[in-house]
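The structure under discussion appears below in the form of structure tokens.
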2 protein chains.
Amino acid sequence: MAEIVSAAWEVVREHGLAGLSMRDLGERVGMRAQSIYSYFASKHDIYDAMFLEGYEAFIDWMDSAVDDDEPETDPVGSARLAVRGFVEFCTSDPVRYQLLFQRTIPGFEPSPRSYTVAEDAYERSRRRLAILGVEDQPTLDLWTAMMTGLASQQISNDPGGTRWEKLIDRAVDMLLTDARDHTYTESERA
Amino acid sequence: MAEIVSAAWEVVREHGLAGLSMRDLGERVGMRAQSIYSYFASKHDIYDAMFLEGYEAFIDWMDSAVDDDEPETDPVGSARLAVRGFVEFCTSDPVRYQLLFQRTIPGFEPSPRSYTVAEDAYERSRRRLAILGVEDQPTLDLWTAMMTGLASQQISNDPGGTRWEKLIDRAVDMLLTDARDHTYTESERA
DNA sequence: GTCTATAATCTGATAGAC
DNA sequence: GTCTATCAGATTATAGAC
């Protein structure tokens, strides 16, 4: 079961997200394509398992990338670590990025269970950024736009390179300054 | 010929970029699928025509969105117009955004002619931003990351809405401040 | 749990009549 | 320039033997 999902990742890394075929997949696990239906009811269900596994990997990755004890002593460093962690997670596996964060495979909807894990991952990221002062929704949206923009440009226009990765610290400084200004503005109103 | 490409856009808007089939396309233009080969040598050539048409539309769109006489009297307003123009071009047709700015359809390489038009479009954008003070490559890269990030988040997480579009002016102010600071730093070194 | 057989359908592309 | 006929293969999925 885990072996099939692992082989499915191999296939989509070679042939693109839409290029997953049961024959190809079966060949890779030493089975006939039809035998896979003993494990998964449909191709859709395989995508769903990949989606779930991807978000679990994302949670683990971010937990490792960020030191949750340090944020209040060094908020700038913590923000840089978090954004760098996110961008590197995305660039380390472009097709996973596509499945998890873009809506590019038509007709695919994650199952309730998978969706719950995805929401948990978002909530963890939201909380982490909130500690760093990114508390309101518009500010958070601006951060996610910047983070996904860095990741997607790195993937599309300089795969394997560091052209956009190099801009992470500068982007974080910029975002933190912006967030501080907008927090002042709000507290002044109070 | 133009009618076929137009119908091809219809198909991919309904079935996704990878979901273009010759039979489906033929049906839509009142032809047998095989007759399309009198106009295009392959399905690949149809994607290429769409790619070309997309970049021509991008050039026209940006020419309309930005007033090239005003940038020196009102750089902030001009920058806002340019970024807003870009994001609205992307969100107005997500699948076109996918074909033009992401590398999501495996095996597709634009023809030399189409690629030339794409490069022309990039060069025009580069020049426009240079007038606004975005002259060095890293700063330009930061802008493209922010712009594509706003567009892709709007498309993926709030299709049809304005959640990220609303952040454009704030993002531009943030980027302009950052660009100004980094220009100062460089001229101080001289 | 894996196999064979097969259904039912789709795919891009070519040959040749008209 | 559009058609019919067709190739040669792909696709997901099901039924039933072992």
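Just so it is clear: chains get the letters A, B, ... in the order the sequence lines come, proteins before strands, and each one is counted from 1.
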Applying side-chain hydrogen bond (donor to acceptor under 3.5 Å, both in side chains), run through B:Gln153 and A:Thr144 and close with a yes or a no. CA-CA 8 Å; B:Gln153 286 292 99; A:Thr144 60; 3.2 Å; yes
Looking across every strand, which nucleic acid part, if any, lies under 4.0 Å from [X] by heavy atom: base, sugar-phosphate, or nothing?
X       : answer
A:Ile46 : nothing
A:Ser38 : base
A:Leu25 : nothing
A:Ser35 : base

Should the pair B:Arg32 and B:Tyr37 be classed as cation-pi, given the thresholds of under 6.0 Å to the six-membered ring centre and 45° from the axis? no
Judged by each residue's nearest nucleotide on DNA chain D, which is more toward the 5′ side, A:Gln34 or A:Asp24? A:Asp24
Roughly, in whole Å, what's the span from [atom1] in [X] to [atom2] in [N]?
X       : N      : atom1 : atom2 : result
B:Met1  : D:dG1  : CE    : P     : 11 Å
A:Glu27 : D:dA10 : CD    : P     : 10 Å
A:Leu20 : D:dT12 : CG    : P     : 7 Å
A:Arg23 : C:dT9  : CZ    : P     : 16 Å
A:Met22 : C:dC3  : CE    : P     : 13 Å
A:Phe40 : D:dT14 : CZ    : P     : 16 Å
A:Ile36 : D:dT14 : CD1   : C1'   : 15 Å

With a cut-off of less than 4.0 Å, is there a side-chain N or O of B:Arg32 near OP1 or OP2 of D:dT4? yes
Are B:Phe51 and B:Tyr47 close enough that their ring centres sit under 6.0 Å apart? no
Suppose we call two aromatic rings close when their centres sit under 6.0 Å apart. Are A:Phe58 and A:Tyr122 close by that rule? no
Considering only heavy side-chain atoms of A:Lys43, the closest of D:dT12, D:dC3, C:dC3 is D:dT12
Can you identify which nucleotide, out of C:dA13, D:dA13, D:dT12, has its nearest atom closest to the A:Ser21 side chain? D:dT12
Closer to the 5' end of DNA chain C via nearest nucleotide, is it B:Tyr37 or A:Gly30? A:Gly30
Could B:Arg23 and B:Glu27 be called an ion pair, given the rule that one side-chain N must be under 4.0 Å from one carboxylate O? no
